[in-house]
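A, B, ... follow the sequence lines: proteins, then strands. Residue 1 opens every chain.
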Number of protein chains: 4
Amino acid sequence: MNTSTLPSDQTLNAACTAKRQQILDGAATLFLHNGYEGTSMSQVAREAGVSKGTLYNYFDCKAQLFSALIEAVAETKLRNVYERIHSDDLDCATTLQRVAEAMIRTLLQPDSMMLYRIIVAEARKFPLLADIFWQRAFGVSISTLADWIANRAARGELVVDDPVFAAEQFFMLCQTRIVQRHRFELPVDKSDAAIKTVARITSESFMKLNGAH
Amino acid sequence: MNTSTLPSDQTLNAACTAKRQQILDGAATLFLHNGYEGTSMSQVAREAGVSKGTLYNYFDCKAQLFSALIEAVAETKLRNVYERIHSDDLDCATTLQRVAEAMIRTLLQPDSMMLYRIIVAEARKFPLLADIFWQRAFGVSISTLADWIANRAARGELVVDDPVFAAEQFFMLCQTRIVQRHRFELPVDKSDAAIKTVARITSESFMKLNGAH
Amino acid sequence: MNTSTLPSDQTLNAACTAKRQQILDGAATLFLHNGYEGTSMSQVAREAGVSKGTLYNYFDCKAQLFSALIEAVAETKLRNVYERIHSDDLDCATTLQRVAEAMIRTLLQPDSMMLYRIIVAEARKFPLLADIFWQRAFGVSISTLADWIANRAARGELVVDDPVFAAEQFFMLCQTRIVQRHRFELPVDKSDAAIKTVARITSESFMKLNGAH
Amino acid sequence: MNTSTLPSDQTLNAACTAKRQQILDGAATLFLHNGYEGTSMSQVAREAGVSKGTLYNYFDCKAQLFSALIEAVAETKLRNVYERIHSDDLDCATTLQRVAEAMIRTLLQPDSMMLYRIIVAEARKFPLLADIFWQRAFGVSISTLADWIANRAARGELVVDDPVFAAEQFFMLCQTRIVQRHRFELPVDKSDAAIKTVARITSESFMKLNGAH
DNA sequence: AATGAATGAGGATTCATTCAT
DNA sequence: TATGAATGAATCCTCATTCAT
């Protein structure tokens, strides 16, 4: 057997993974622009530069491709939000303000916005998917923030009974006005200043609710 | 004039309105269960018990039927929320708790939930519709509550700079945990007790943020 | 019986005829713009300002309405062509040139052009109709001209074996270039000068073919 | 290379072309019988023995299929007319008579007749198509004949100012009586003898108009 | 593993015609 | 007689999926 002309397993896997990724990239572009029903498998094939047959070699059906895509995308979306929670050197209010600002900016990104729309819209049809999305995006953000809150409470900087609920309240407050209105495509000031203001008010509100005096 | 053999204008209008309502009812069932793309005009016709031709006699196209439906439904959904804001004889905390409870219960209703899903999902395609929905549901609730807040602030019971923003924060807080998780079809305690608890915390939080002293 | 409140037969007929005409007028506008298949009965009803029910009271079906319309329209279209053939005071060439010019101008009118298109297109489906159209338009023109030719031949101004064939040739020659190309929507000089030139050449050609000497 | 298991490019192209041709054949049958509006894509699919989906794989829409069909058919229809113009060994009158006869016979063929009907009927909707049809059928016939006329004029056999106009007149004269009446589905003698007579008269007329002396 | 031609059910919409009022 | 709401078959076209190559 001539191994020089045949790809090794690693090469195969790499090729396989690469092609898979290529499809997912094409799918992301389309699903996040046009939604689930608004995207056809032909479009995905064309966008990804593969044939429809290949599509179905990698994914059993449209629903599965969609699920795989959401799984992949959900992971990355809020990472830069909850990753910045671990900075321990700043006072509570400042950290929270920065987290709030990151959250608002992230949620306003076209991709995140569409992701939210799609997940909420299709949660009935793909409950597992909504679950995965929650765990990888909102869920991890909430629990990371809850841990941080518990930590600060232990340090006496906050007074909190239920850190998870407090974290949930915090992220809800982040969505006041700008994010919420943008979800309804209403005209709303999305300027830097406006975002900073909402982030500041959110942080201040949280401190009023949970700060030690 | 022989009124027994000729229908009066009212009868005619009634018939017309009745058929229209009949179609809207069928459409509501389907659109609110399966979404916009997931509902076909044939299904609507069958559900409403009319022919496809009749459908198109009353509504120019699918989009218009959908719009008419959302307009009609949006109007009624949150009415019982903002109508109970006007009770002036109770203290702030109690009123707010009742409003919060009504809001949570309303948003958890299958219809409202689907309405939210659909509006958010299709806001891109039907921006006008999202606008109408906002005005008739969230918008009126927010401005009603904002008025109430301003009133209570004038009475010295609250201290509020921006009553509208405060109202928006209040309704965001209402959606913490139960509503939010239900939107993602996550398992969550939707018991009476749980709802009351969130409503109470929301009310208390608001009073902490905006109460006098 | 109170005849003063009931319309007499004549009034009825008049009303009937008027309504009929009203429908035919609306139908003419539409059929001559959009063709047979391109015109719907609803459009006709709206254009004529009557209900669809009334339409079907006066005409059994779309085909019959169409036929009635063509009958009515065909009659008038070429009248001003063959009516000017009877001027006996001019020399042959001049008369023919004027007839040719009238013919070309008439055939170029949007109505006539569409009538030709429609009749030719639908002749298979409505052979009787094509026959009627022929008799009332081309047919009467040909026979009128043939009579005139025979008359002039009798006067020694023309030498013609078969006046009918000669007349047919004359009208075919009229359609050279401008009319023919306009039927194919090709760009062609339709200026007054161009029309006059073709008319002159047609007349001259006819005289060369059939003139005495 | 194992050519027995893999189709060559030619085979693939052949298959593609064959299927395309199969569709065009089915489309020809129907469009040329029932016209553009009178033919449905379902009918074409059934007639061609393919699915509707396949139809739309080969042609973007009904209009494009129709256009492709007309383009293909137009090319061939009058070829045997203008190809016989190049015979230089015969005298003018004989050549013209043969060309006239070929023209009349061709225009009387059911296919050509329907082609004319459809093009004239749909020229408004498909001006490009009418243009293509003209160029490939009447246009090339006219210019070929015009060239021949110019050539004979150079040889002193004809005296012609405007060879193109003369050619156009010639083809108009060919359509006198038989072709013209057949377009209106009128009863008319289409016998061999009748055709020959019209061809002879046409040739003689042309010689009278343009012959030397 | 990759292709892309083929499928056919299903999508929205139109329209000639009928009929109760 | 006049109305116009109701019908449902037919229109063009799309799309997820399969399968021979």
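Residue D/Q64 holds its CD atom at 12.0 Å from CG of D/L69, rounded to the nearest 0.5 Å.
Using a 4.0 Å heavy-atom cutoff across all strands shown, C/T54 reaches at least one base atom of the nucleic acid. When heavy atoms are screened at a 4.0 angstrom cut-off, C/K52 is found touching base atoms of the nucleic acid.
With rounding to whole Å, B/Q64 atom CD is found 16 Å from E/dT14 atom C1'. Nucleotide E/dC15 holds its C1' atom 13 Å from the CZ atom of C/F31, rounded to whole Å. Counting to the nearest Å, the C1' atom of E/dT14 and the CG atom of C/N34 are 15 Å from each other. Distance D/D60 CG to F/dC15 P: 13 Å, rounded to the nearest Å. When the C1' atom of E/dA5 is taken as reference, atom CD of D/Q22 falls 13 Å away, rounded to whole Å. Going from atom CG of C/L30 over to atom P of E/dC15 covers 12 Å, rounded to whole Å. Remark: P of F/dC12 and NZ of D/K125 are 11 Å apart, rounded to the nearest angstrom. In this structure, D/F59 atom CZ and F/dC12 atom P are separated by 15 Å, rounded to whole Å.
Side-chain N/O atoms of B/N57 and base N/O atoms of F/dA5 include no donor-acceptor pair closer than 3.5 Å.
Comparing D/G53 and C/G38 by the nucleotide of DNA chain E whose heavy atom lies nearest to each, the residue mapping closer to the 5' end is D/G53. Mapping A/M41 and D/E37 onto DNA chain F via the closest heavy atom, the residue that lands nearer the 5' end is D/E37. Each of A/L55 and B/S42 lies near DNA chain E, and the nucleotide nearest A/L55 is the one positioned closer to the 5' end. Between B/G49 and D/Y36, the residue anchored closer to the 5' end of DNA chain F is B/G49, taking for each the nucleotide with the nearest heavy atom.
With hydrogens and angles left out, the side-chain atoms of B/K19 and B/T54 include no donor and acceptor closer than 3.5 Å.
Of the candidate nucleotides E/dA2, F/dC13, F/dA2, E/dA2 has the atom nearest to the side chain of A/Y58. Checked against E/dT3, E/dA16, F/dA2, the side chain of C/K62 finds its nearest nucleotide in E/dA16. In the set F/dT7, F/dA16, F/dA2, the nucleotide with an atom closest to the side chain of B/V50 is F/dT7. Each of F/dA16, F/dC13, F/dT17 was ranked by its minimum atom distance to the side chain of D/Y56; first place goes to F/dC13. Of the listed nucleotides (F/dT11, E/dA16, E/dA6), F/dT11 has the atom at the smallest distance from the side chain of D/Q43.
Close to E/dT3, at under 4.0 Å from its OP1 or OP2, lies a side-chain N or O of A/S51.
The aromatic rings of D/F184 and C/F133 sit parallel, their planes meeting at an angle under 30°, below the 60° perpendicular limit.
Put simply, the residue from B/D111, B/L24, B/I118, B/L115 that forms a side chain to side chain contact (heavy atoms under 4.5 Å, CB included) with B/V73 is B/L115.
Using a 4.0 Å cut-off between a side-chain N of Lys or Arg and a carboxylate O of Asp or Glu, C/E122 and C/R117 do not qualify as a salt bridge.
With a 4.5 Å cut-off on side-chain heavy atoms, B/E37 and B/K125 count as touching. Between C/M41 and C/Y56 the shortest side-chain heavy-atom distance falls below 4.5 Å.
Annotated stems with DNA chain F as a participant read E:2-21 with F:2-21, given as range with range, by first number; only runs of 3 or more Watson-Crick or G-U pairs under 3.5 Å qualify.
Taking the centre of each ring, B/F59 and B/F66 stay at or above the 6.0 Å mark.
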